Amino acid sequence: MTLVRFQTLLKQAMGLDSESIGISAIERAVQARQRACGIASDDAYYALATGSRAELQQLVEAVAVPETWFFRDRQAFAAMTRFAVEQWLPAHPEGMLRLLSLPCSTGEEPYTMAMALLDAGFPAGRFRIDAFDISEKVLGHAREGVYGRNSFRGGDLGFRDRFFEQVGNMHRLSAKVREEVRFAPGNLMDPLFGQGAEYDVVFCRNLLIYFDAADQARAVATLGRMLAADGMFFVGHSESGILIDKGFESARIPLAFAFRKAAAKTARPRGPMPIPRTAPVAARPRAVATRVAAMPRRTVAELPEIQRLADQGRLAEAASACEAYLGWHGPSADALYLLGVISDAAGNQPRAADCYRKVLYLDPLHHEALGHLALLLERRGDVAGAKRLNARTARLQQGGGR
């Protein structure tokens, strides 16, 4: 099978850089569509795909396999709600908050945006979420608002009790959430996409990694045009370097991967910065015991307590407590990552970078440390190093290992 022409066709249709998902994925999608159409000849199927808008859409959907769930990367939604409640609402007492989700896939992301705003006390009817995707199939699923077990992950599922009703082994989203989201087909590579629209919040996460550099620039330019001057732009953790290179600046909210236009002078969100919740770490190794035997055990705070200090904005105390924790327990990826995030929030980039590198030494598959370290390298001018880390993250997301 000659795949070059199909690669070109998909790039023209959806901006897909074939290297981002691998040639084999495109080959499987083409073969699946050939079987579905009962066509054995590659030439005949190519003629069909180029001559039929409907079949081209089917091919696009065969390639674009969604992977999402509710409250995926919670820190982004926490930052969004704080921006909306603490900054946007006081400045716009009678306005309508407009939010964009692209690609919205089967709806988990835009519905999460709505649930987070409602939970935060943002007035219902004062916000509107526009959700776009290139796939008609996933849009149909999203509009139904019925989800199975795979859409609910993590330990905190209280939102499911508040906003869903159980129907057999599925869960149906309440009407009050569904009515806040408008779904529509949309292609970011379409030159006419989004013309005249302006949004206060833009979510475009884990899409840019599938474009080449030229299409990344086009996509960011389009979304930047649609973003309000003081708006917030959320991307995936492996895409941070792309935005910094295109004139955006980090909102400096740990783990949110939120950006603003560089010219925006609005204040950072008030209140404590969100710090990642980490799992308890095993008791200290024997080898460390003799080294710190003189340290009273009660003086060493555990990670949840350190997190609370950081949440309260007491970053210096949290950093000192984290170092004491490491001195008592020995090397820990969770503690080092927490120390890296705290240092990053405090503006100590060299210390943060050192912590992230140590995390990756202990846990080479640590996605969050990879994303943060790539962002720091980009800030310090190491574009090549950041690019390598982003490529490594993309491979991990696709299940390709290191």
Side-chain angles (χ1 to χ4, degrees), residues 69-79 81-82 116 119-120 152-159 237 252-258 268-373 375-376:
W69 56 92
F70 290 108
F71 285 94
R72 181 181 184 181
D73 302 323
R74 286 176 175 269
Q75 292 83 358
F77 299 105
T81 54
R82 286 170 51 201
D119 268 344
F152 303 93
R153 307 184 194 180
D156 183 4
L157 298 179
F159 68 92
H237 56 77
R252 298 184 56 76
I253 307 172
L255 297 181
F257 306 104
R268 290 168 52 189
R270 299 186 297 274
M273 290 186 175
I275 300 294
R277 301 298 173 191
T278 51
V281 180
R284 60 191 175 98
R286 289 178 179 272
V288 181
T290 55
R291 178 164 54 87
V292 295
M295 182 184 294
R297 179 66 184 89
R298 64 180 180 276
T299 66
V300 180
E302 295 298 333
L303 292 185
E305 184 179 349
I306 298 171
Q307 289 169 176
R308 283 192 292 273
L309 289 173
D311 287 342
Q312 296 164 8
R314 298 158 63 182
L315 299 181
E317 293 178 59
S320 296
C322 218
E323 289 173 341
Y325 181 98
L326 288 163
W328 179 268
H329 289 281
S332 157
D334 287 333
L336 284 165
Y337 178 58
L338 180 57
L339 181 57
V341 172
I342 293 169
S343 301
D344 203 353
N348 191 339
Q349 294 184 5
R351 184 191 201 186
D354 181 60
C355 289
Y356 295 143
R357 287 191 176 96
K358 290 176 179 177
V359 172
L360 293 173
Y361 176 79
L362 295 171
D363 181 4
L365 304 182
H366 201 291
H367 288 66
E368 292 81 2
L370 280 168
H372 273 280
L373 183 55
L375 177 57
L376 286 179

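The figures here come from the full heavy-atom set of this structure, side chains too, leaving out hydrogens, waters and symmetry mates. Remember, predicted model here, so these are calculated numbers, not experimental data.
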Would you say Thr81's side chain and Ala78's backbone share a donor-acceptor pair under 3.5 angstrom? yes
Just by modelled atom types, is the Gly158 backbone N or O under 3.5 Å from a matching donor or acceptor in the Asp156 side chain? yes
Is any side-chain heavy atom of His372 less than 4.5 Å from a side-chain heavy atom of His366? no
Does a side-chain heavy-atom distance below 4.5 Å link Pro331 with Leu326? no
Rounded to the nearest 0.5 Å, what's the gap from [atom1] on [X] to [atom2] on [Y]? Could you check?
X: Phe70; Y: Leu157; atom1: CZ; atom2: CG; value: 11.0 Å
X: Ile253; Y: Asp344; atom1: CD1; atom2: CG; value: 12.0 Å
X: Ser343; Y: Asn348; atom1: OG; atom2: CG; value: 5.5 Å
X: Leu370; Y: Asp363; atom1: CG; atom2: CG; value: 9.0 Å
X: Leu373; Y: Arg357; atom1: CG; atom2: CZ; value: 5.0 Å

Looking at [X] and [Y], what are the two nearest heavy atoms and their distance?
X: Cys355; Y: Gly340; result: CB-CA, 3.6 Å
X: Ala256; Y: Ala76; result: O-CB, 3.8 Å
X: Leu376; Y: Ala352; result: CD1-CB, 3.8 Å
X: Ala333; Y: Leu362; result: N-CD1, 3.6 Å

Parallel, tilted or perpendicular, as decided by the 30° and 60° cut-offs, for the rings of Phe77 and Phe71: perpendicular
Mind checking what makes side chain to side chain donor-acceptor pair (under 3.5 Å) contact with Asp119, not counting sequence neighbours? Arg162
Residue set satisfying side chain to side chain donor-acceptor pair (under 3.5 Å) with Glu323, at least two apart, ordered chain then number -> Arg351
Does the side chain to side chain contact (heavy atoms under 4.5 Å, CB included) test come out yes or no for Tyr356 and Val341, once each step is laid out? CA-CA 9 Å; Tyr356 295 143; Val341 172; 3.9 Å; yes
Do Phe152 and Trp69 pass the side chain to side chain contact (heavy atoms under 4.5 Å, CB included) test, and can you show the C-alpha distance, the side-chain angles, and the key distance before you say yes or no? CA-CA 6 Å; Phe152 303 93; Trp69 56 92; over 6 Å; no
Where do Ile342 and Ile306 land on the side chain to side chain contact (heavy atoms under 4.5 Å, CB included) test, with the steps shown first? CA-CA 10 Å; Ile342 293 169; Ile306 298 171; 4.3 Å; yes
